[in-house]
Amino acid sequence: MKPISRRSFLERSGTGMAAAAAIPALEAPTFQSRPLPAEERGREIHLKVNGKDHRLEVEDHWTLAEVLRDHLGLTGTRVGCDRGECGACTVLLDGKSLYSCSYLAVWAEGKEISTVEGLAEGTQLDPLQEAFIEHDGPQCGFCTSGQLMSAKALLNSNPNPTEAEARQALAGNICRCSNFNRYLEAVLATSGKGGSRG
Ligand code: FES
Ligand code: FES
């Protein structure tokens, strides 16, 4: 069955809700689904996520974050600002870090995506994850998956970054708990030890 997007849900229910607000004495609105217009019907895309192939029918306006979280169940990718400012939604696209809230799923056709769920192998954590724990990085944890994926992208391309390079790589990931320096220490501790798994 085709998943319902926020947009199609709101459009389908909007008419009934407006009528109920205008005439409160009327009985509760009935929600009647209507077929989506042809231009809103999904198109099929192929994604490889954490090494696994997926074929999905998506609507043009769905973001990659939405598809990962709501349609593939990969909720480790967080959505904070939903507008490309906080970095909580960072994933890797063909090995490079990307704000998945600001990238349409259709643009990811045929790409390889890595999310935080793909870092550990079974119960074996990635060295970056271990370092994050050792250095007491996560506080509330909301930003952690984004920090991890930005750090992963850095160490994949530069296994021995300088402190300035590590700071730069994490600059797009905001930590509301002000624990940025702990994350930085963890990344620097991981580098030079052979880096994280590729
Ligand atoms: S949720 Fe994507 S940058 Fe904040
Ligand atoms: S650990 Fe709370 S936002 Fe970073």
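Starting from 1, each residue takes its place in the sequence as its number. When a ligand or atom number is given, it counts from 1 through the structure's own listing order.
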Using a 3.5 Å distance criterion without hydrogens, assess whether the side chain of Asp60 forms a donor-acceptor pair with backbone atoms of Val106.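 Not at all, since once roles are kept as given, no pair shorter than 3.5 Å links the two residues.
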Can you tell me if Ser150 uses its side chain to pair, donor with acceptor, with the backbone of Gln147 under 3.5 Å?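 Side chain of Ser150 to backbone of Gln147: no pair is present.
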Do [X] and [Y] have side-chain heavy atoms sitting under 4.5 Å apart?
| X | Y | answer |
| --- | --- | --- |
| Arg78 | Ser145 | yes |
| Leu184 | Glu163 | yes |
| Thr90 | Ser100 | no |
| His46 | Glu109 | yes |
| Val49 | Glu117 | no |

Can you work out which protein residues put a heavy atom within less than 4.0 Å of ligand 1?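 Ligand 1 is contacted, at a heavy-atom distance under 4.0 Å, by Val79, Gly80, Cys81, Asp82, Gly84, Glu85, Cys86, Gly87, Cys89, Tyr99, Cys101.
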Do Asn50 and Thr115 have side-chain atoms, one donor and one acceptor, less than 3.5 Å apart?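 Result is yes, a qualifying pair exists.
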Report, in ascending order of atom number, the atoms of ligand 2 lying under 4.0 Å from any heavy atom of [X].
| X | value |
| --- | --- |
| Gln139 | 1 (S) |
| Cys177 | 1 (S), 2 (Fe), 3 (S) |
| Tyr183 | 1 (S) |
| Gly141 | 1 (S), 2 (Fe) |

Closer than 2.8 Å to atom 4 (Fe) of ligand 2: does that hold for any N, O or S atom in Cys175?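 Given the 2.8 Å cut-off, Cys175 counts as a ligand of atom 4 (Fe) of ligand 2.
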Is Phe180 touching ligand 2 with its side chain, its backbone, both, or neither, if touching means heavy atoms under 4.0 Å apart?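 Phe180 to ligand 2: no contact under 4.0 Å from either part.
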How far apart are the C-alpha atoms of Thr75 and Leu68, what are their side-chain angles, what is the distance that settles it, and do they pass the side chain to side chain contact (heavy atoms under 4.5 Å, CB included) test? CA-CA 7 Å; Thr75 53; Leu68 292 171; over 6 Å; no
